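All of these numbers come straight from a predicted model, not from anything done at the bench.
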Amino acid sequence: MKVLVLGGGVIGVTTAYFLAEAGHEVTVYDRQPGPALETSFANAGEVSPGYASPWAGPGIPVKAVKWLLMKYGPLVVRPAFDPNMWTWLIKMLRNCTAERYALNKSRMVPLAEYSRDTLKALREATGITYDERTKGTLQLFRKQKQLDGTGGDVEVLKKYGVPYEILDRDGCIAAEPALAAVREKFVGGLRLPGDETGDCKMFTDRLAELCVARGVTFEYGSTIRRIVRNRNRLTNVLTDSGWKSADAFVMAMGSYSAQFMRELGRPIPVYPVKGYSITVPVGNADAAPVSTVMDETYKVAITRLGDRIRVGGTAEISGYDLRLHESRRRTLEHSVGDLFPGGGDLKAASFWCGLRPMTPDGPPLIGLSEVANLYLNTGHGTLGWTMACGSAKVLADIMSNRVPEINARDISPERYLKPA
């Protein structure tokens, strides 16, 4: 088929790659001058299947109130007169039960594991590099209550055969030697040795080059202005370079996918949740992290990317607002400075934010939409980098009339076309 992929972030580019591998004629459109210049640009750098969990879970409403009151809290809500915001929040609260959390996590972990394995296979097949490391991730607990509360997550890890280790202080230090300097600040951790790290922007840039070598066309600096539906099929999209037609279309525009789907009269439950990061030059390698450390108290990920440290976190619910708030920077600086003092030069750090496309239940939307020739690959939330390759491979299989290698029904848009 002739396929137009709308969006040139990590989701759009991986989709283009696997569609081209399946023999389709692919063109990617993005408003930016190159790939991965929005949400994929400076994320936390984790490829972490074991931490593939929905944000909606038991106890979250109570925790949210505490987070809002913390000096360095991980949650910010900036209320607005936006019906889509409040509808999404209500749907998310409905998923904050133990039963739904377990169901949603069980849908996310297999996709994330499959995606990591697909990324490995891609790396082996192409030799692509992106400051990758395969040294696992460490969820660090500052309080005993946090460590004691891992039982539910561990059960899911066991169910899906995800390797894990429950570590005491010495075990955490063995995994991340720089933590020896602050051993009194944590009690233990949960380590997932199969997780990876890497620079999402670097990966997407290099994969785009591989796409071009496989015949994919990229139209950068080309904003999607209008999408036309005739009966229940897309016929054309209007871009800065004119009207474009195709046999099939893929909506991979992250949070902005929701806006276009509303214009088509086929709304999807995706809403932007802003995240922030700082990128810090390594000052003292011995005092810096080896891989990724998840600071559970502040919900901050601290990741080593070559000669840089990427520090990512915060859930800010404020619509499509891309303003950088200094209070969020202070939270990130506090976490990395507290756990890895001297590891990086905070004065030289760059500050960034991006909009994560979140579904109320957690799993993304991958598959055919309610429009006959429009496919969705969006709603990955904080896990776009983790789930990118697997999501793209699943969608390419669906569009090529092949049976995906994992169960794709649980992550399809169909689950929102039925009464909840």
Worksheet item: Is the centre of the F186 ring less than 6.0 Å from the centre of the F141 ring?
Response: no

Worksheet item: Quick check, are the ring centers of Y256 and Y320 under 6.0 angstrom apart?
Response: yes

salt_bridge([X], [Y]) N-O dist < 4.0 Å:
{"X": "K201", "Y": "D199", "value": "no"}
{"X": "R133", "Y": "E196", "value": "no"}
{"X": "R78", "Y": "E316", "value": "yes"}
{"X": "D240", "Y": "R225", "value": "yes"}
{"X": "E113", "Y": "R116", "value": "yes"}
{"X": "E333", "Y": "R328", "value": "no"}
{"X": "D361", "Y": "R415", "value": "yes"}
{"X": "R233", "Y": "D247", "value": "no"}
{"X": "D131", "Y": "R308", "value": "yes"}

Fill in: Parallel, tilted or perpendicular: ring planes of F41 versus W352, cut at 30 and 60 degrees
tilted

Fill in: Parallel, tilted or perpendicular, as decided by the 30° and 60° cut-offs, for the rings of W385 and F203
tilted

Using 0.5 Å steps for rounding, measure from the [atom1] atom of [X] to the [atom2] atom of [Y].
{"X": "I411", "Y": "N377", "atom1": "CD1", "atom2": "CG", "result": "8.5 Å"}
{"X": "L147", "Y": "L190", "atom1": "CG", "atom2": "CG", "result": "8.5 Å"}
{"X": "S412", "Y": "Y375", "atom1": "OG", "atom2": "OH", "result": "12.5 Å"}
{"X": "Y17", "Y": "L210", "atom1": "OH", "atom2": "CG", "result": "6.0 Å"}
{"X": "S369", "Y": "M261", "atom1": "OG", "atom2": "CE", "result": "4.5 Å"}
{"X": "R409", "Y": "R107", "atom1": "CZ", "atom2": "CZ", "result": "10.0 Å"}

Side chains of [X] and [Y]: is there a donor and an acceptor less than 3.5 Å apart?
{"X": "N230", "Y": "T235", "value": "no"}
{"X": "R31", "Y": "Y220", "value": "no"}
{"X": "T129", "Y": "R206", "value": "yes"}
{"X": "Q146", "Y": "T297", "value": "yes"}
{"X": "T279", "Y": "R310", "value": "yes"}
{"X": "T118", "Y": "K393", "value": "no"}

Practice prompt. May I ask you to establish whether R226 and F260 are in a cation-pi arrangement, using a distance under 6.0 Å from NZ or CZ to the six-membered ring centre and at most 45° from the ring axis?
Written response: no

Fill in: Any side-chain heavy-atom pair of L122 and L207 under 4.5 Å
yes

Worksheet item: Under a 4.5 Å cut-off applied to non-hydrogen side-chain atoms, are T314 and V300 in contact?
Response: no

Between [X] and [Y] (side chain of the first, backbone of the second, donor and acceptor by atom type, cut-off under 3.5 Å), is there such a pair?
{"X": "N104", "Y": "R100", "value": "yes"}
{"X": "T378", "Y": "G254", "value": "yes"}
{"X": "K159", "Y": "V154", "value": "no"}
{"X": "Y298", "Y": "G73", "value": "no"}
{"X": "H24", "Y": "K2", "value": "no"}
{"X": "S48", "Y": "Y51", "value": "no"}

Worksheet item: Of T134, L119, L383, T292, which is the lone residue that meets side-chain contact (heavy atoms from CB on, under 4.5 Å) with V47?
Response: L119

Practice prompt. Taking all non-hydrogen atoms of both residues into account, name the closest pair between L305 and G198 and its distance.
Written response: CD2-C, 3.4 Å

Practice prompt. Considering non-hydrogen atoms only, spot the tightest contact between G367 and I398 and give its length.
Written response: CA-CD1, 4.3 Å

